[in-house]
Amino acid sequence: RVSQQGAAHQACNFVHGERAHSSEAIALRDSFLKQSMLQPQAYDALHLRHKLRNLHHCNDTFPSMVRQHVGLQLPNASQPLVIYTDSSSREYRDALAHELHGTRRLVFADTVLLQLLSRSSSQVSPHPPPDNFLVFAAERAIAAAAARTIQLGYKPCGRPVRGWLSTWRP
């Protein structure tokens, strides 16, 4: 669609409303679950908006705080934990893995989804750009199939958002 000022906006056509997911997002979710050896409702999901920490002046997404929130909000350590983050920092992901090490099996969804997408699209182009809208839509579909989901990095600080609706947007 085009705004009144003439600037173009891209729409996420992989998400059909708040509760519906496109067939492409569901297919990518199913590939993710198969590759990660996960079953629906047999894992927890954690969405981290780490890049918002400076804007909101919150420390919720610091690895030590994430560990505390996961322990309180997602206490079933027998459930694998699927993690999504807007941070592309290898150091941040390593710090998260270190803090959560030994608590449960961790799966960094962003990494797996991008690998799946690069495999399927490399047949068309040798170096395809990632489809961020499809990754986002697949993450929502994966979160919807989780036993429990929380999101950290939103205001008010220190209060995790439960579920995958409302704030889960690109």
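Residues Arg162 and Gln73 bring a donor and an acceptor atom of their side chains to less than 3.5 Å of each other. Between the side chains of Arg93 and Thr111, at least one donor N or O lies within less than 3.5 Å of an accepting N or O.
Annotation: side chain of Leu106 is in contact with side chain of Ile83 (closest heavy-atom distance under 4.5 Å). Two residues are said to be in side-chain contact when any heavy atoms from C-beta on lie closer than 4.5 Å; Glu24 and Leu134 meet this criterion. Side-chain contact check for Leu38 versus Pro80: some heavy-atom pair is nearer than 4.5 Å. Side-chain contact check for Arg29 versus Glu139: every heavy-atom pair is 4.5 Å or farther apart. Contact check for Tyr84 versus Val82: side-chain heavy atoms found under the 4.5 Å cut-off.
Across Ala95 and Pro63, no two heavy atoms sit closer than the pair CB-CG, 3.6 Å. A pairwise comparison of heavy atoms in Ala45 and Ala143 identifies CB-CA, 4.3 Å as the closest pair. Shortest non-hydrogen contact noted between Val70 and Leu46 is CG2-CD2, 3.8 Å. Nearest heavy-atom pair, His69 versus Pro160, reported as atom, atom and distance to 0.1 Å: ND1-CG, 3.5 Å. Of all non-hydrogen atoms in Gly153 and Thr61, the two that sit nearest each other are CA-CG2, 3.8 Å. The shortest heavy-atom contact between Leu100 and Arg67 is CD2-CA, 3.8 Å.
One distance of note links CD of Gln35 with CE of Met37; it measures 9.0 Å at 0.5 Å rounding. Taken from CE in Met65 to CD in Glu99, the straight-line distance is 11.0 Å, to the nearest 0.5 Å. Leu116 CG to Lys34 NZ: the interatomic distance, rounded to the nearest 0.5 Å, is 11.0 Å. Taking NE2 of His98 as the start and CG of Leu96 as the end, the distance is 11.5 Å to the nearest 0.5 Å. Between the OG atom in Ser31 and the CD1 atom in Ile26 there is a gap of 12.0 Å [rounded to 0.5 Å]. Expressed to the nearest 0.5 Å, how far CZ of Phe136 lies from CG of Leu113 amounts to 12.5 Å.
A salt bridge links Arg49 with Asp86: at least one charged nitrogen is closer than 4.0 Å to a carboxylate oxygen.
When atom types are taken as modelled, the side chain of Arg104 and the backbone of Asn76 share a donor-acceptor pair closer than 3.5 angstrom. In this structure, the side chain of Asp110 engages the main chain of Thr85 through a donor-acceptor pair within 3.5 Å. Not a single donor-acceptor pair under 3.5 Å links the side chain of Ser36 to the backbone N or O of Leu33. Remark: side-chain polar atoms of Gln41 are paired, donor with acceptor, to backbone N or O of Ala146 under 3.5 angstrom.
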field: Candidate pair Leu81 and Val107, rule side chain to side chain contact (heavy atoms under 4.5 Å, CB included), full reasoning
entry: CA-CA 6 Å; Leu81 181 61; Val107 179; over 6 Å; no
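When each of Ile142, Leu74, Thr149 is checked for a side chain to side chain contact (heavy atoms under 4.5 Å, CB included) with Tyr43, only Ile142 meets the rule.
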